[in-house]
Amino acid sequence: MREFSTPTLVTSPHRNVTDLLETRLREAPNHHAFEVVDDDGAYRPVTTAEFAERVRALARGLIASGLQAGDRVAIMSATRYEWTLADLACLYAGAVVVPVYETAAPEQVSAILRNAGPRAAFVETDEHAHLLEAAFAEAGLHPHGIWRFAGQTDLAALARRGQSISRGELEERRLVAGPDDIATVVYTSGTTGRPRGACITHENFIHQMLNIAAAYGEVVREDGSTIIFLPLAHVLARGLQIICLTNGMRVSHLADPTRVIATLATLRPTFLVVVPRVLHKIREAVRTNAERKHLGAVWRRAERVAIEMGECHYRGRKASLTTRAEHALYDRLFYARIRALLGGRMTYMLSGAAPLEPDLCRLFAGIGIPIIEGYGLTETTAPLTGNLPGNTRAGTVGVPTPGATVRIADDGEVLARGPGVCRGYWDPRDDADAFVGGYFRTGDLGRLDEDGRLTLLGRCKEVVVTSSGKTIVPTVWEQDVERHPLVAHAVVIGDNEPRPAGLILVDPDALRERARAEGDEELAQVSAPGSGSPIELSATWLRAAVERAVQAANRRVSRAEQIREYCVLLADLTAHHDLFTPTQKVRRAALVRAAAPQVARLYRR
């Protein structure tokens, strides 16, 4: 058994999360905290004082509407400024926030409402309002109100309702919650089972946000800015927002992640939190553009040079004179243009939610935008480990964050302890197998090196055990196949089967573009099914491309772990909510059920 701890950097005197905003308000009331899109599509700045004034007005409205301290309030909306207003307003009113993904299916919404029992809700659209009204009725709940963000009329009416609530009454309610009280109940995405509501306290948030900001002061700075496009229902995006608000980094919101690249040139952020798929898409866009201009071979060399330069950056070594000369040439041809595409001010990006291949990490470092890879869960209030600026090792997710201890159990499971670890779940029955010896069981497999850096090896529940008793950890094979630009997800199956097999989901956007280049108009026009079973694709050129990725992955694993049979599938990665979590992780059991005909064919049943 091995473990590693990092000392706490900041001990906070704050009572609850609202104190963070109050402190910032005293320090910099006129600082531009947000950039918000107006009706005409232009961005306008919002100061800390303007933000706090609206938060207080909405909090008064909640109190006037009958909301009591400790009541839960659901928020169901895409990522937008109003989400943040509602979040802080609930905390000022002494309430507990229950985020609901705006893409959640009706049965998921009903399950969360039955479990958490919210007394009010904020939603984005009429559709969300109708869905929640039905879920409240089904659960036998009678909400004080359901307020819509769209149009702003509901928010204005709520603020007017609170005009009778005095400043003293609001302040009294703001201070009701203490450090150990629950600030939010965040439901896990449920990749391996039903979602569970993690109870995150005010102290969890305060410790994490202040200590992460202290550890990453080079990244989170007052003259910096970021765009949040990950769902605010996810604790990572929510935590990032609190860090930025507390430390003065300007925040813009973007509801549609597909528009993030186009928006970078306008907002020019200094920092961005992304998922690996975004980085893959940037690299593939550059590669495709180079091929189109007959510079494919030149880009491939530029890519290798950037990876070599990135490795030198991470290892603290000086590159050879030849590498530096080549890098200067390719910087003019490619790297500077990529940096300009990302807004021209980007100094760091943080990648989370899924493993990042080491060479992609090295590539962006060589281009001039180092990637900080981290790891965490809802139950650890987002970050548990992270690489640090100037102290990053590609292929690892870094050392424990300040105050955290990471232990590797005898069976390889990653265990966590520290002020960021939640106290348990809303339903106490879910706590039964969640903790061992005071440590939270992450469900992930990993190892620690001599410097305390964590390398993730897969999910405990995602190992495949064949009928012959062979245990296979599929992560290495899956990640290798997913490096191919056409592949969105690769999943190894084979529990209780004689041999492992593969389900490979292609990226719809990459598929259409490649199909056009191949002259395959039929496949270029194919639509991914929004529900039901994924469709199988058998085009010769596609099968050949995937086969090369499969063979390359097979060379990196043992013979027993190699995949000989697989099928290539297409599903809608954004609308197929039963197959994917809101953070785009595959629900493996659901995928196997949905692809039952293909699975049966693979095993000749």
Student: Salt-bridged, Glu518 to Arg514, with N to O below 4.0 Å?
Tutor: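 Looking at Glu518 and Arg514, the cut-off is met.
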Student: Does the structure place the NZ or CZ of Arg453 under 6.0 Å from the centre of the six-membered ring of Phe4, at an angle of no more than 45° from the ring's axis?
Tutor: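 Arg453 over Phe4 ring: no.
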Student: Between Thr270 and Ser225 (side chain of the first, backbone of the second, donor and acceptor by atom type, cut-off under 3.5 Å), is there such a pair?
Tutor: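 Yes, the answer is positive, given that a donor and an acceptor are paired below the 3.5 Å cut-off.
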Student: Output yes when Glu326 and Arg301 qualify as a salt bridge under the 4.0 Å nitrogen-oxygen rule, no when they do not.
Tutor: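 Counted as a salt bridge, because a side-chain N and a carboxylate O are separated by less than 4.0 Å.
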Student: Determine, stepwise, if the pair Glu222 / Asn247 fulfils side-chain contact (heavy atoms from CB on, under 4.5 Å).
Tutor: CA-CA 6 Å; Glu222 197 168 51; Asn247 291 275; over 6 Å; no
Student: Donor-acceptor pair, distance only, cut-off 3.5 Å: does the side chain of His207 make one with the backbone of Pro402?
Tutor: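 Yes.
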Student: Go through it in stages, so that I can follow the logic: the residues are Ile243 and Tyr216, the test is side-chain contact (heavy atoms from CB on, under 4.5 Å), and I'd like the CA-CA distance, side-chain angles, deciding distance and then a yes or no.
Tutor: CA-CA 10 Å; Ile243 290 174; Tyr216 293 86; over 6 Å; no
Student: Return yes if a side-chain donor-acceptor contact under 3.5 Å exists between Tyr81 and Glu35, otherwise no.
Tutor: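 Distance-only check fails for Tyr81 and Glu35.
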Student: Tell me whether Arg292 is salt-bridged to Glu513, with the criterion being a basic N under 4.0 Å from an acidic carboxylate O.
Tutor: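 Salt bridge present between Arg292 and Glu513.
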Student: With distance as the sole criterion, is a donor-acceptor pair present between the side chains of Ser351 and Glu373 under 3.5 Å?
Tutor: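 Their side chains do not contain a donor-acceptor pair, so the 3.5 Å distance test is not met.
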Student: Run the side-chain contact (heavy atoms from CB on, under 4.5 Å) check on Glu284 and Asp507 step by step: do they pass?
Tutor: CA-CA 12 Å; Glu284 187 55 26; Asp507 182 303; over 6 Å; no
Student: Please confirm whether the backbone N or O of His253 pairs with a side-chain atom of Thr79, one donor and one acceptor, at under 3.5 Å?
Tutor: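 No.
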Student: If you count every heavy atom of other residues, nucleotides or ligands that lies below 6.0 Å from Arg345 atom CZ, does the total exceed 12?
Tutor: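 Yes, the 6.0 Å shell around CZ holds more than 12 heavy atoms from other groups.
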Student: Which residue is it: Thr396, Asn391, Val397? I am looking for the one with a side-chain contact (heavy atoms from CB on, under 4.5 Å) to Arg393.
Tutor: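 Exactly one candidate clears the test, Thr396.
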Student: Applying ring pair (Phe, Tyr, Trp, His ring centres under 6.0 Å) as the test, list every pair that has at least one member in residues 280-320; sequence neighbours left out.
Tutor: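 Matches after skipping sequence neighbours: Trp299-Phe334.
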Student: Taking side chain to side chain donor-acceptor pair (under 3.5 Å) as the criterion, tell me which of Asp87, Thr381, Thr84 meets it with Arg238.
Tutor: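 In the set Asp87, Thr381, Thr84, the residue that makes a side chain to side chain donor-acceptor pair (under 3.5 Å) with Arg238 is Asp87.
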Student: Taking the basic N atoms (NZ, or NE/NH1/NH2) and the acidic carboxylate oxygens, is any pair closer than 4.0 Å for Glu450 and Arg2?
Tutor: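 A salt bridge is absent here (no side-chain N lies under 4.0 Å from a carboxylate O).
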Student: May I ask you to decide if Pro400's main-chain N or O and Thr6's side chain share a donor-acceptor pair within less than 3.5 Å?
Tutor: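 A pair under 3.5 Å: yes.
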Student: Salt bridge check: are Arg362 and Asp359 linked by an N-O gap of less than 4.0 Å?
Tutor: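 Looking at Arg362 and Asp359, the cut-off is met.
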Student: Is the backbone N or O of Phe271 less than 3.5 Å from a side-chain atom of Thr226, with the two atoms forming a donor-acceptor pair by type?
Tutor: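 It does hold such a pair.
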Student: Can you confirm whether Gln562 is buried at CD, in the sense that more than 12 heavy atoms of other residues, nucleotides or ligands lie under 6.0 Å from that atom?
Tutor: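 Check passes, neighbour count above 12.
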Student: Any chance the side chains of Tyr330 and Glu303 put a donor and an acceptor closer than 3.5 Å?
Tutor: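 No donor-acceptor contact under 3.5 Å links the two side chains.
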Student: For the ring pair His327 and Tyr335, is the centre-to-centre distance below 6.0 Å?
Tutor: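 Yes, they do, as the ring centres are separated by less than 6.0 Å.
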Student: Any luck finding a side-chain donor-acceptor pair between Thr266 and Thr263 under 3.5 Å?
Tutor: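 Short answer, no.
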Student: Any chance you could lay out the side-chain contact (heavy atoms from CB on, under 4.5 Å) test for Leu245 and Phe34, step after step, and finish with the verdict?
Tutor: CA-CA 9 Å; Leu245 183 60; Phe34 297 93; 3.9 Å; yes
